2 protein chains.
Amino acid sequence: MSKLQGNQALVKALAVIDAVADGHRQLKDICLVLGYPKSTVHRILQGLIEARYIREVKGIGLVLGTKVIQLGIRAQQDMPLKEIAKPYLRELSELTQETVHLGIKDEDHVFYLDKLPGQRQIQMRSQVGDRLPMSITGVGKALMLDMPKMEWKRLISSQTQQDVDAMMQRMNEYSKRDYSFDLEDNEDHVHCVAVPIRNKYGNIIAAVSVTSIKEYMPDDRMRELVPVITSYCKKISEQLN
Amino acid sequence: MSKLQGNQALVKALAVIDAVADGHRQLKDICLVLGYPKSTVHRILQGLIEARYIREVKGIGLVLGTKVIQLGIRAQQDMPLKEIAKPYLRELSELTQETVHLGIKDEDHVFYLDKLPGQRQIQMRSQVGDRLPMSITGVGKALMLDMPKMEWKRLISSQTQQDVDAMMQRMNEYSKRDYSFDLEDNEDHVHCVAVPIRNKYGNIIAAVSVTSIKEYMPDDRMRELVPVITSYCKKISEQLN
DNA sequence: AACTATAGTTTTGCATTGTGGAACGTTGAG
DNA sequence: CTCAACGTTCCACAATGCAAAACTATAGTT
């Protein structure tokens with residue numbers, strides 16, 4: 001029941017796409033992972049190959065097809081924010097030398113729309129397309145700033161946090177000042193400063209963060225970065241509509 | 001009948017995705033374009049939204065979702081060729097100042113895996129993810145070099161060409177010399193030099209082209225470019241496996 | 001070459017699922 | 001307030017997708 005009814009075929013087909021995306025290259029393999037019978041998966045694969053969502057590479061097996069690349073590009077173009085923000089983020093990355101992220105809210109998660117790697121020797125392993133729980137990232141916390149406290153609580157406690165109360169307190173502070181910090185909340189040694197981007201109605205539609213290892217991100221530098229990032233976010237806001 | 005049987009639901013769902021990708025932002029609109037009843041499209045949309053293939057943006061409507069971006073990125077990573085070729089293509093683009101394309105065979109079409117825009121004021125409107133008939137592009141003709149003549153004929157005549165015989169003659173010449181030219185075959189004023197990339201077995205798996213307006217691409221320059229591009233393709237080949 | 005194992009493909013009867021017409025909600029403009 | 005336009009839900013029916021099983025293809029082993 002719970003599942004959406006009347007979409008079994010679709011759900012299965014999308015599961016097959018996911019399986020292939022996850023690196024399962026054989027029919028057998030997909031059947032095993034999904035628990036569907038061979039004939040079902042086979043029929044679905046035929047349809048997906050026909051539609052170029054999946055292609056068969058000799059010697060390798062099933063791989064995501066060119067249609068998926070096409071759609072992915074189209075989907076990115078449907079996010080004008082990304083193009084608008086790009087030059088500002090590049091500047092910010094050059095100015096700070098650090099990794100800059102652009103993220104949007106995606107259900108209860110952050111979705112990284114863009115990443116500028118920065119000039120340090122050491123690099124973050126995050127990448128464009130990553131999707132992480134909101135409360136464990138700097139960008140995510142910035143996206144949460146305007147939410148009601150109940151929502152904070154829900155997100156923080158549902159997303160495997162050490163100490164809910166401490167985080168609630170920090171969120172309180174951040175929301176007053178309109179920025180957020182990430183202090184090894186997700187990843188050891190990683191510190192991050194994030195600021196929201198607002199549309200003309202003042203709603204938060206995205207957030208920008210500057211991230212590095214804590215050795216390069218002492219408290220005072222983090223505080224200094226806030227107004228810098230904020231000014232870039234303002235500029236991006238102005239370009240939106 | 002004609003279509004693959006037993007995949008109606010999937011075919012319809014993918015058609016809905018395409019409709020949204022093509023800019024149809026409303027249920028009504030999609031129904032009109034596809035000729036499906038409202039309730040059917042509605043149910044499919046529910047499933048696709050649930051799966052994050054499509055999202056609803058207030059004030060805009062239905063747009064491709066973040067899942068599609070994710071899959072698109074994954075699909076590109078499944079093409080290691082792109083990453084391997086990147087630095088060489090960049091160098092080639094800087095050296096020549098012109099637009100550089102990397103394309104692979106995709107059924108009877110070329111699929112542009114990468115595009116380096118070059119430094120000229122004037123730009124090509126092609127973009128990554130474009131899919132064009134093989135015989136009307138330089139990259140496509142390079143991908144055809146090793147095919148049997150029957151295949152040339154099929155592709156050339158099926159893909160709206162002016163003069164099949166003349167093109168066959170040119171292909172003959174190109175296949176002997178292992179490169180191809182595009183001389184306004186597709187687009188007025190556009191000239192293009194393309195060279196295939198081969199794997200260790202000697203099979204053509206991709207092609208690289210340098211493109212510009214004919215004013216920057218006189219005959220003698222095109223001839224000079226052949227060995228230059230060839231040397232870069234060789235380097236890329238060596239990196240494969 | 002025969003045998004075995006392992007993968008993919010095709011077939012088929014049946015129950016489930018997806019279908020689409022119609023009725024119902026919702027929203028916003030005049 | 002009324003109407004129109006669009007989105008949502010409902011439901012009876014049959015076409016569709018399901019899955020077991022039989023079949024084919026390919027590769028590895030004796």
Side-chain angles (χ1 to χ4, degrees), chain A residues 1-65 78 107 200-201 203 241, chain B residues 1-65 78 107 201 203:
Chain A
M1 338 125 265
S2 65
K3 298 274 168 198
L4 293 186
Q5 77 285 53
N7 264 340
Q8 183 174 263
L10 178 57
V11 168
K12 287 191 179 174
L14 299 184
V16 170
I17 294 177
D18 267 339
V20 172
D22 287 348
H24 299 102
R25 303 267 127 111
Q26 307 205 64
L27 179 73
K28 175 82 184 304
D29 214 358
I30 298 169
C31 294
L32 206 71
V33 170
L34 301 179
Y36 302 158
K38 281 192 295 182
S39 55
T40 297
V41 174
H42 181 259
R43 181 173 30 76
I44 293 168
L45 279 172
Q46 281 188 7
L48 291 173
I49 289 169
E50 166 84 4
R52 296 190 298 113
Y53 276 67
I54 287 175
R55 52 190 196 119
E56 276 187 285
V57 180
K58 61 165 181 50
I60 296 180
L62 303 163
V63 183
L64 292 177
D78 285 349
E107 318 270 294
K200 61 180 170 184
Y201 307 113
N203 300 319
N241 281 351
Chain B
M1 343 119 262
S2 64
K3 294 279 167 197
L4 293 185
Q5 77 285 47
N7 264 339
Q8 183 175 264
L10 177 56
V11 168
K12 287 189 180 174
L14 299 184
V16 170
I17 294 177
D18 267 339
V20 173
D22 286 348
H24 300 101
R25 305 265 130 111
Q26 307 205 58
L27 179 71
K28 175 81 184 304
D29 214 359
I30 297 169
C31 294
L32 207 71
V33 171
L34 301 179
Y36 301 157
K38 279 192 296 181
S39 54
T40 297
V41 174
H42 181 259
R43 181 173 28 78
I44 292 169
L45 279 173
Q46 282 189 8
L48 291 173
I49 290 169
E50 166 84 4
R52 298 190 296 114
Y53 276 68
I54 287 175
R55 51 189 196 121
E56 276 187 285
V57 180
K58 62 168 181 47
I60 296 180
L62 302 163
V63 183
L64 291 177
D78 285 349
E107 318 269 293
Y201 307 113
N203 300 319

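These numbers come from a predicted model, not from an experiment. Here is how names work: the chains are called A, B, and so on, in the same order as the sequence lines, proteins then strands, and each is numbered from 1.
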For A:I60 and C:dA7, what is the distance between atoms CD1 and C1' respectively, to the nearest whole Å? 18 Å
B:L10 atom CG is separated from C:dG18 atom P, nearest whole Å, by 12 Å
A:Q8 side chain N/O closer than 4.0 Å to the phosphate oxygens (OP1, OP2) of C:dT16? no
Any B:S39 side-chain nitrogen or oxygen under 4.0 Å from OP1 or OP2 of C:dT19: no
Which heavy atom of B:L10 sits nearest a heavy atom of A:A13, and at what distance? CD1-CB, 3.6 Å
Considering just the side-chain nitrogens and oxygens of B:R43, establish if one lies under 4.0 Å of OP1 or OP2 belonging to C:dG18. no
Does the side chain of A:H42 get closer than 4.0 angstrom to OP1 or OP2 of C:dT9 through an N or O atom? yes
Could you check whether B:D78 pairs with A:R55 (Lys NZ or Arg NE/NH1/NH2 to Asp/Glu carboxylate O, under 4.0 Å)? no
Any B:Q46 side-chain nitrogen or oxygen under 4.0 Å from OP1 or OP2 of D:dT8: no
Could you please spell out the steps behind the side chain to side chain contact (heavy atoms under 4.5 Å, CB included) verdict for B:L62 and B:Q26? CA-CA 6 Å; B:L62 302 163; B:Q26 307 205 58; 5.8 Å; no
Length of the line joining B:K28:NZ and D:dT8:C1', which is rounded to integer Å: 16 Å
Could you check A:A9 against A:R25 and say which one's nearest nucleotide on DNA chain C is further toward the 5' end? A:R25
Just the rounded figure in Å: distance from P of D:dG7 to CD1 of B:I44. 15 Å
Taking atom C1' of C:dT16 as reference, at what distance in whole Å does atom NZ of A:K12 sit? 10 Å
Treating A:N7 as the side-chain partner and B:Q46 as the backbone partner, does any N or O pair qualify as donor plus acceptor under 3.5 Å? no
Between C:dG18 atom C1' and B:L45 atom CG, what is the distance in whole Å? 15 Å
Atom-to-atom span, CD1 of A:I49 to P of C:dG8 - whole angstrom: 11 Å
Side chain of B:L27 only, heavy atoms from C-beta on: which candidate in C:dG8, D:dA19, D:dT8 is closest? D:dT8
In terms of side-chain heavy atoms of B:K38, which of D:dT9, C:dA23, D:dG17 is nearest? C:dA23
Does B:I17 form a side chain to side chain contact (heavy atoms under 4.5 Å, CB included) with B:L14? I'd like the steps, not just the answer. CA-CA 5 Å; B:I17 294 177; B:L14 299 184; 4.1 Å; yes
Take atom CD of A:Q26 and atom P of C:dT6, then tell me their distance rounded to the nearest Å. 13 Å
